[in-house]
Amino acid sequence: MLKAVPGTNDIFAQAKEYPFQEPVFRYILKTAEEVLRGAGAQMIHTPIFEYLEVFQKGVGLTSDIVVKKEMYVLEDRGGRLLALRPEPTAAIVRAYNEHGMKVWPQPVRLFTWGPIFRGERQQKGRYKQFHQIDYEALGLADPLLDAEAIALMVRIYKTLGLKQLEVKLGSVGDPEDRTRYNQYLREQLSPFADRLSPDSQARLETNPMRILDSKSETDQAILVELKLKPMLDFLGPAAQAFHQQVCAYLDWLGVPYRVDPSIVRGLDYYVRTAWEVHHARIGAKSALGGGGRYDGLSEMLGGPRVPGVGFGIGVERVAIALKEEGVAVPPDPSPILYLAPLDEAAKIEALALAEQLRPKVSVEMGYTPKSPRKALEEALKKGAKYVGFLGEGERAKGVITLKHLESGEQKELEPLQLHSLFEGPLGG
RNA sequence: GUGAGCGUAGCUCAGCCGGUUAGAGCACUGGUCUGUGGAACCAGGGGUCGUGGGUUCAAGUCCCAUCGCUCACCCCA
């Protein structure tokens with residue numbers, strides 16, 4: 001039998017894996033949408049695939065997404081290469097440029113949500129197709145926007161009911177700063193090159209900063225031994241001031257964070273502010289989401305200089321965190337009325353009545369005639385408020401028998417009376 | 001790509017030292033109960049025991065291979 005691709009999930013209410021239940025996803029998306037709309041951001045949906053170049057250039061040639069070939073690439077009829085989006089930011093910047101949003105009042109603040117694709121092997125909290133909520137503030141390079149983005153992100157988590165959060169804030173500096181830092185790291189680490197893990201030896205050339213968060217024990221031992229200075233010590237005056245301003249704004253807002261000098265982002269386009277929000281119990285990957293500033297991204301895509309800051313929230317990881325913290329998620333709504341046909345002829349009568357009452361009243365029905373007892377049990381399982389019986393007796397009198405499940409009260413009503421009953425504030 | 005653990009009903013699992021016709025609970029359908037409350041009892045449907053090969057009089061059980069799943073590494077959400 002064919003199965004879903006490993007690392008992808010069917011998301012529906014009864015799904016066995018708790019976090020991947022549709023009501024949980026809806027709760028997360030709805031909450032995020034309320035927070036972000038409430039903050040004046042506007043929803044945008046970009047296609048889930050773009051020309052490959054958008055992500056190649058946007059994400060950076062030394063990023064793992066490109067280097068390790070984690071993008072799903074497809075070929076269009078004309079031979080153009082397309083890619084399923086491995087992250088949303090580059091596509092949003094592309095859209096900003098394509099639609100001339102630079103003439104709008106700046107900053108332009110956008111958000112989106114949807115599936116993201118990366119060719120990775122599945123494990124807990126990591127999937128080939130996962131979902132992100134994404135927020136971007138474009139067109140203005142002000143640390144106030146960085147602080148606001150962090151505050152909004154934290155607000156989303158808190159509104160959802162999460163408590164065990166930690167914001168790790170750092171700065172990756174400006175490109176010049178990073179060049180100086182990488183140079184410093186190469187100088188310090190080169191003498192130990194042969195003792196480094198193979199991965200890290202390669203990184204020594206391409207991106208020495210990545211060595212810093214290597215999980216290899218020998219690498220870490222070397223790092224500890226060398227007492228390397230953190231990136232933050234290499235910030236130029238501008239980046240330094242910017243970082244301090246972000247911190248000051250966060251202090252002013254009362255948003256708790258911890259400065260983490262070792263924060264390194266996986267995507268090449270980040271400059272200055274970089275942060276991650278972590279949660280205690282998500283499995284090996286504890287990041288609930290991350291964000292940063294990417295002032296150079298637009299130019300990498302061949303556009304004008306457009307500063308920007310934004311974040312991505314991993315929906316699956318938030319779902320796992322909600323489960324771990326035991327946060328109750330609103331269930332699917334129950335029907336108000338359950339119509340129970342008691343014989344064959346009543347089936348169409350029930351459906352016709354349901355159609356008349358819908359959509360004002362949420363009506364479900366039994367599609368197979370059953371004994372009143374069975375019908376009652378089914379209505380209870382569905383969580384209905386009322387049961388309407390339609391059978392021989394009702395047909396003769398032109399009524400339906402309506403029973404209120406909680407009180408047990410029951411009366412025979414004509415269809416018109418039924419309509420007016422549900423006119424009322426709660427449906428009686 | 002690498003490593004480890006696990007594959008028996010839709011789900012959770014039991015199945016001893018290899019031994020007759022492969023089991024339980026949940027879920028589903030029906031009956032007890034022919035027009036009234038989630039129960040209980042009874043019955044029923046549902047299985048290529050992941051797949052292929054080997055050992056054996058005999059394999060769900062032992063051996064080999066293979067596939068799948070999960071977790072972890074790398075890295076990220």
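The analysis underlying the following values was restricted to heavy atoms, covering all of them including side chains, and did not include hydrogens, waters or symmetry mates. Reminder, nothing fancy here: chain letters follow the sequence lines and each chain counts from 1.
Protein atom CD of A/Glu276 is 7 Å distant from nucleotide atom P of B/A77, rounded to whole Å. Nucleotide B/C73 holds its P atom 14 Å from the CD atom of A/Gln122, rounded to whole Å. Atom CD1 of A/Ile48 and atom P of B/A77 are 19 Å apart (whole Å). The CD atom of A/Glu120 sits 12 Å away from the C1' atom of B/C73 (whole-angstrom rounding). A/Glu377 places its CD atom 10 Å from the C1' atom of B/C33, with the value rounded to the nearest Å. Between A/Phe55 atom CZ and B/A77 atom C1' there is a gap of 15 Å when expressed in whole angstrom units. Whole-Å rounding puts the A/Lys3 NZ to B/C67 P distance at 14 Å. A/Ile156 places its CD1 atom 14 Å from the C1' atom of B/A77, with the value rounded to the nearest Å.
Here, B/A24 and B/G47 have their C1' atoms 15 Å apart, quoted to the whole Å. Between B/A14 and B/G60, the two C1' atoms lie 12 Å apart (nearest whole Å). With C1' as the reference atom, B/U8 and B/G15 are 9 Å apart, rounded to whole Å. Annotation: B/G3 and B/U66 have their P atoms spaced 12 Å apart (nearest Å). Nucleotides B/G50 and B/C13, compared at atom P, are 15 Å apart to the nearest Å. A gap of 30 Å separates the P atoms of B/U2 and B/C49, to the nearest Å. Distance check on atom P: B/G45 versus B/A22 gives 14 Å, rounded to whole Å. For the P atoms, the distance linking B/C64 with B/C28 amounts to 43 Å, nearest Å.
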Protein-to-nucleotide contact annotation, 5' to 3' order, nucleotides 5-11 of chain B [B base; S sugar-phosphate only; - none; under 4.0 Å, heavy atom]: ------S
What string of B, S and - do you get for nucleotides 40-52 of chain B, 5' to 3', when a contact is any protein heavy atom under 4.0 Å? -------------
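Stacking of the aromatic ring of A/Phe130 onto the base of B/A77 is found: the ring centres lie under 5.5 Å apart and the planes are inclined by under 30°.
Checking B/A72, B/A77, B/U36 against every side-chain atom of A/Pro372, the shortest atom distance belongs to B/U36. Which of B/G35, B/C69, B/G37 sits closest to the side chain of A/Pro6 comes down to B/C69.
Among the protein residues, A/Gln410 comes within range of the nucleic acid bases, having at least one heavy atom under 4.0 Å from a base atom. Counting any heavy atom pair closer than 4.0 Å across all strands shown, A/Gln129 reaches no nucleic acid atom. Using a 4.0 Å heavy-atom criterion, one finds that A/Leu405 contacts the bases of the nucleic acid, with or without backbone contacts as well. Across all strands, A/Lys403 comes closer than 4.0 Å to base atoms (heavy-atom distances).
Scanning for side chain to side chain contact (heavy atoms under 4.5 Å, CB included) contacts around A/Lys397 gives A/Val399, A/Glu412, with sequence neighbours left out. Evaluation of the salt bridge (Lys or Arg N to Asp or Glu O under 4.0 Å) rule for A/Asp295 yields A/Arg293 as partners, not counting sequence neighbours. Among residues two or more places apart in sequence or in another chain, the salt bridge (Lys or Arg N to Asp or Glu O under 4.0 Å) test is passed with A/Lys347 by A/Glu344. Residues satisfying the salt bridge (Lys or Arg N to Asp or Glu O under 4.0 Å) test with A/Glu176, not counting sequence neighbours, are none. Qualifying side chain to side chain contact (heavy atoms under 4.5 Å, CB included) partners for A/Val73, counting only residues two or more places apart in sequence or in other chains: A/Leu52, A/Met71, A/Leu81. For A/Arg395, the salt bridge (Lys or Arg N to Asp or Glu O under 4.0 Å) criterion is met by A/Asp343, A/Glu349, not counting sequence neighbours. Every residue was checked against the side chain to side chain contact (heavy atoms under 4.5 Å, CB included) condition with A/Thr179, not counting sequence neighbours, and none meets it.
Of the two residues contacting RNA chain B, namely A/Ser407 and A/Glu316, the nearest-nucleotide position lying further toward the 5' end is that of A/Ser407. Comparing A/Thr401 and A/Lys374 along RNA chain B, the residue whose closest nucleotide (by nearest heavy atom) sits nearer the 5' end is A/Lys374.
Side-chain atoms of A/His279 and A/Glu324 include no donor-acceptor pair closer than 3.5 Å.
Residue A/Lys370 places no side-chain N or O under 4.0 Å from the OP1 or OP2 atom of B/G37. Regarding contacts with the backbone of B/A72, a side-chain N or O of A/Gln123 is found under 4.0 angstrom from either OP1 or OP2.
Two residues are said to be in side-chain contact when any heavy atoms from C-beta on lie closer than 4.5 Å; A/Tyr157 and A/Val277 meet this criterion. Side-chain contact between A/Arg85 and A/Pro115 is present, with at least one heavy-atom pair separated by less than 4.5 Å.
Classification of A/Lys370 and A/Glu377 as a salt-bridged pair fails, no side-chain N sitting under 4.0 Å from a carboxylate O.
Classification of the A/Tyr135-A/Phe311 ring pair by plane angle, with boundaries at 30° and 60°, yields parallel.
Residue pairs meeting the salt bridge (charged side-chain N to carboxylate O under 4.0 Å, His left out) criterion with at least one partner in residues 161-170 of chain A, sequence neighbours excluded, are A/Glu166-A/Arg258.
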Under 3.5 Å, sequence neighbours excluded: what are the donor-acceptor pairs made by side chains of residues 331-338 of chain A?
unit_1   : atom_1 : unit_2   : atom_2 : d
A/Asp332 : OD1    : A/Arg26  : NH2    : 2.5
A/Tyr338 : OH     : A/Gly366 : N      : 3.4
A/Tyr338 : OH     : A/Glu378 : OE2    : 3.0

Secondary structure string for RNA chain B (Watson-Crick or G-U under 3.5 angstrom, | for other-strand pairs): (((((((..((((.....[...)))).(((((.......))))).....(((((..]....))))))))))))....
